[in-house]
Structures are given as C-alpha cells and as structure tokens.
Number of protein chains: 2
Amino acid sequence: MEKYRRIGLKLTPQRLAVLHYLEGNKDHPSAEDIYRAVHKKLPTMSFATVYNTLSILKEKGSVLELTVDPDKKRYDPDTGQHDHLICISCKRIVDIPSTFRFDLPDSAKRNFAVIQRHVEYYGFCPECKKR
Amino acid sequence: MEKYRRIGLKLTPQRLAVLHYLEGNKDHPSAEDIYRAVHKKLPTMSFATVYNTLSILKEKGSVLELTVDPDKKRYDPDTGQHDHLICISCKRIVDIPSTFRFDLPDSAKRNFAVIQRHVEYYGFCPECKKR
DNA sequence: GTTACTGCAAAGCTTTTGCATCCCT
DNA sequence: AGGGATGCAAAAGCTTTGCAGTAAC
C-alpha cells in the first residue's frame, strides 16, 4: 500500500478495499464485479467511488482498461506485457504470455507513435465448447 | 448485391444503402456514422434498422464488430486477417497487414477453440502527436 | 398473401456527473 | 483546517426491444 501513497493517492478505506480486491486478481473483473465484491465488506461503497478509483488507477498506470468485452469494460491489474484468450460465449478472459516480439516495423507504423500492443484470441473456452 | 440475396437477405432499400456505404469503407464507422451517412440518402432511415442490419451482417460473417474503441462499437466490412493502429486521442483506426503468423502454440491455447485473432497497436496518430 | 422488415418511442445498461457531506492528511 | 473523496440520485450515451404498419418475395 506504500506504493499507492507514494503516487499521491489519498488512502481511504474504499480505495484500499478496491486495491486489495484487484491485487493479484486474474479474473479481469468489470466495474460491477468490483462493486459487488467490495460492497460486501464495505456496505456504503458506491458505484461512483468504484469508477472514480478505477479512473485514477488508470491514470497512474496501475490498472489497464480492457475493451475486449462488447458489453462492458474490464479491468486488469497486471500491466505487464501479456496476451488474452477470450471466450465469446461466457466472456471469460484468460492471460497467456506473449508469443512474439512487440516490435512493429517502422514501415507499418504509418507515423503513429505506438505505445501499447494488445493481442486477443477469440473463441470458446473448454467449458463452453462442450455444448 | 447478388451475394447478399444468396445468403438469404431480404433486400430492402435501407439494407442496400447500408451495404453500399460499407462497401470498401476503411473508416471503421460506428453505428451513428452509418446512420448519419445513410440518413442523408434515405431520410426515413432509423437507428433500429441500422442496428438490425448490422446484427444480420455480423451473423452472416460479412462485417466484423470491433470493440477497440471504449466509447462505442465500430464496424469493419473487411473480414480478412489484418491488424489495427488505433489513435487513443481521435479514435482513428487504420488497417495494417498482419506482421506475424496467426498460429498460437497448442500449449498456449489452454484448450480454447480459437477462432479469430485481433491485434491492435495503440498510440497517437500523426496529427494528434503534434500537439 | 405471407413473412419479414421498418420506424418510432420507450426501455435497458453501463458509465458519468453534480452536489452536499464527510474524512484523510 | 482544508482539500479532496464519498455517496446518492439524476443524467447521459449507446444499444436493444415491442409493436403497429408496411413492403419484399
């Protein structure tokens, strides 16, 4: 938690609860997932505070906002380079290591200043493909 | 247009207008972009019909729904394998050829049945990086 | 003549915002 | 004590839906 104080966050119980829930979380939760989990521990927790906290964490680079689920945004506390397997049926998102280099040849960049790469593999997870 | 009749579409003026607008379109338009463009030619055009048409085209595999813009869905009539450069400032989306093989090693698939791969490079486009 | 599509308005969801109150530092 | 954070409710977007009327086949 020291690292959050260092980036200039005012440490409220609400923020600590969100940070604690996200710590090491591999589920790529939505804002509602976070709200529901944290609300159990902290019944006064509001949606506005969840979004407010996520917005600051995004800004500070401590959380990634994923736009891979057509229905809602998902959040990833793992900001290291990795790719995603996504089930188009149950919307499960699973981390996998990147299998190739980040580099895009300059000729392909069209003068963009590229900052980040996202790679997603869409399909059916083991459970959903059974049906 | 023959190919749309062949996949079992009832060809209404509204659908033809949407199909014509999407044909060869490289802008990755949103539903609203499509609505505005088609509405000029066909003033009775409604949003419901835009979404209805897109939904059918998606189903038939004639259009890809992109979830790379956090604000709204974008549509891509080019269903061949290619990657995207995305400007996080103006939301412009530019096509680039894929620079590596589709294959994901079986060991990385976690038993998913992978159907599609999406690769996006996020950053600033030439115009937006000037500021 | 049927069946399916259109258009309008209302509803549904996720996310954002305004503002008074509260509390971390 | 002061400035920022919280919580509530309302609002804003995008997208979906219900249904009566209409048009394609």
Side-chain angles (χ1 to χ4, degrees), chain A residues 1-21 28-60 62-75 91 93, chain B residues 1-21 28-60 62-75 91 93:
Chain A
M1 300 302 123
E2 215 6 81
K3 68 172 168 175
Y4 296 113
R5 180 171 282 112
R6 225 179 301 124
I7 50 184
L9 281 191
K10 193 176 275 191
L11 289 188
T12 65
Q14 291 83 350
R15 285 181 176 175
L16 287 172
V18 171
L19 289 168
H20 180 256
Y21 175 72
H28 310 83
S30 66
E32 191 184 352
D33 294 333
I34 298 169
Y35 170 77
R36 280 218 293 265
V38 172
H39 188 263
K40 279 182 197 159
K41 303 268 176 189
L42 229 63
T44 71
M45 183 56 134
S46 72
F47 255 102
T49 298
V50 170
Y51 280 111
N52 170 44
T53 302
L54 288 171
S55 160
I56 288 203
L57 291 177
K58 247 188 303 179
E59 207 174 288
K60 302 292 186 188
S62 297
V63 151
L64 246 47
E65 186 176 85
L66 305 180
T67 54
V68 299
D69 179 338
D71 296 330
K72 50 186 118 173
K73 291 173 185 162
R74 307 277 290 259
Y75 296 89
K91 309 296 169 65
I93 303 176
Chain B
M1 299 301 121
E2 219 3 85
K3 69 172 170 177
Y4 296 112
R5 180 171 283 110
R6 224 179 300 126
I7 49 185
L9 281 190
K10 194 175 273 193
L11 288 188
T12 65
Q14 292 83 350
R15 284 181 176 175
L16 287 172
V18 171
L19 290 169
H20 180 255
Y21 176 72
H28 310 83
S30 66
E32 191 185 349
D33 294 333
I34 298 170
Y35 170 77
R36 280 218 293 263
V38 172
H39 188 264
K40 280 182 197 159
K41 303 268 176 190
L42 229 62
T44 70
M45 183 56 137
S46 72
F47 256 101
T49 298
V50 171
Y51 280 110
N52 169 43
T53 302
L54 288 171
S55 161
I56 288 201
L57 291 176
K58 247 187 305 179
E59 208 175 287
K60 302 292 185 187
S62 297
V63 151
L64 247 48
E65 186 178 84
L66 305 181
T67 53
V68 299
D69 179 338
D71 297 330
K72 49 186 117 173
K73 292 172 184 162
R74 306 277 290 258
Y75 297 88
K91 310 296 169 61
I93 303 177

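Lettering of chains follows the sequences in order, A, B, ..., and the numbering in each one begins at 1. Computed from a predicted model, the values in this text were never measured in an experiment.
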- Item | Length of the CG-P vector between Leu57(A) and dA5(D), whole Å | 12 Å
- Task: In whole angstrom, give the distance that lies between atom CG of Asp71(B) and atom P of dT16(C).
- Result: 9 Å
- Among dT6(D), dA5(D), dC14(D), the nucleotide that comes nearest once only the side chain of Ile56(A) is considered: dA5(D)
- In terms of side-chain heavy atoms of Ser46(B), which of dA5(D), dC5(C), dG7(C) is nearest? dG7(C)
- Establish, from distance only, whether the side-chain atoms of Asn52(B) and Thr49(B) form a donor-acceptor pair under 3.5 Å. no
- Specify the closest pair of heavy atoms between Ser30(B) and Lys72(B), including all atoms of both residues, with the distance to one decimal. CB-CD, 3.6 Å
- Item | Below 4.0 Å: OP1/OP2 of dT6(C) and any side-chain N or O of Thr12(B) | yes
- Message: To the closest 0.5 Å, what do you measure between NZ (Lys73(A)) and OH (Tyr51(A))?
- Response: 7.5 Å
- Message: Is there a side-chain contact between His28(B) and Tyr75(B) in this structure, where contact means two heavy atoms from C-beta onward sitting under 4.5 Å apart?
- Response: no
- Consider the side chain of Pro13(B), meaning its heavy atoms from C-beta on, and name the nucleotide among dG7(D), dT14(C), dA24(D) that approaches it most closely. dA24(D)
- Value in whole Å for how far the C1' atom of dC25(D) lies from CG of Leu16(B): 14 Å
- Select one nucleotide: of dA5(D), dT16(D), dG7(C), the one nearest the side-chain heavy atoms of Lys73(B). dT16(D)
- Task: Find the distance Asn52(B):CG to dC19(D):P and express it as a whole number of Å.
- Result: 17 Å
- Item | Length of the CZ-P vector between Arg36(A) and dC13(C), whole Å | 13 Å
- Query: For dG7(D), does OP1 or OP2 lie under 4.0 Å from any side-chain N or O of Gln14(A)?
  - Reply: yes
- Task: Could you check how far CG of Leu11(A) sits from P of dC22(C), rounded to whole Å?
- Result: 22 Å
- Query: In whole angstrom, what separates Lys10(B)'s NZ from dA24(D)'s C1'?
  - Reply: 5 Å
- Item | Minimum-distance pair of heavy atoms, taken over all atoms of Gln14(B) and Leu42(B) | CA-CD2, 3.6 Å
- Measure the distance from CD on Glu59(A) to C1' on dG4(D) and round it to the nearest whole Å. 14 Å
- Item | Closest listed nucleotide, where the reference is the side chain of Ala48(A) and the choices are dA9(D), dT14(C), dG7(C) | dA9(D)
- Query: Hey, is the side chain of Lys72(A) poking within less than 4.0 Å of OP1 or OP2 on dT14(C), counting only N and O atoms?
  - Reply: yes
- Item | Nearest-nucleotide pick for Tyr51(B), side chain only, options being dG4(D), dT6(C), dT15(D) | dT15(D)
- Message: Side-chain N or O of Thr44(B) versus OP1/OP2 of dG7(C): is the shortest distance under 4.0 Å?
- Response: yes
- Item | Closest to side chain of Arg15(B), choosing from dG7(D), dT6(C), dT14(C) | dT6(C)
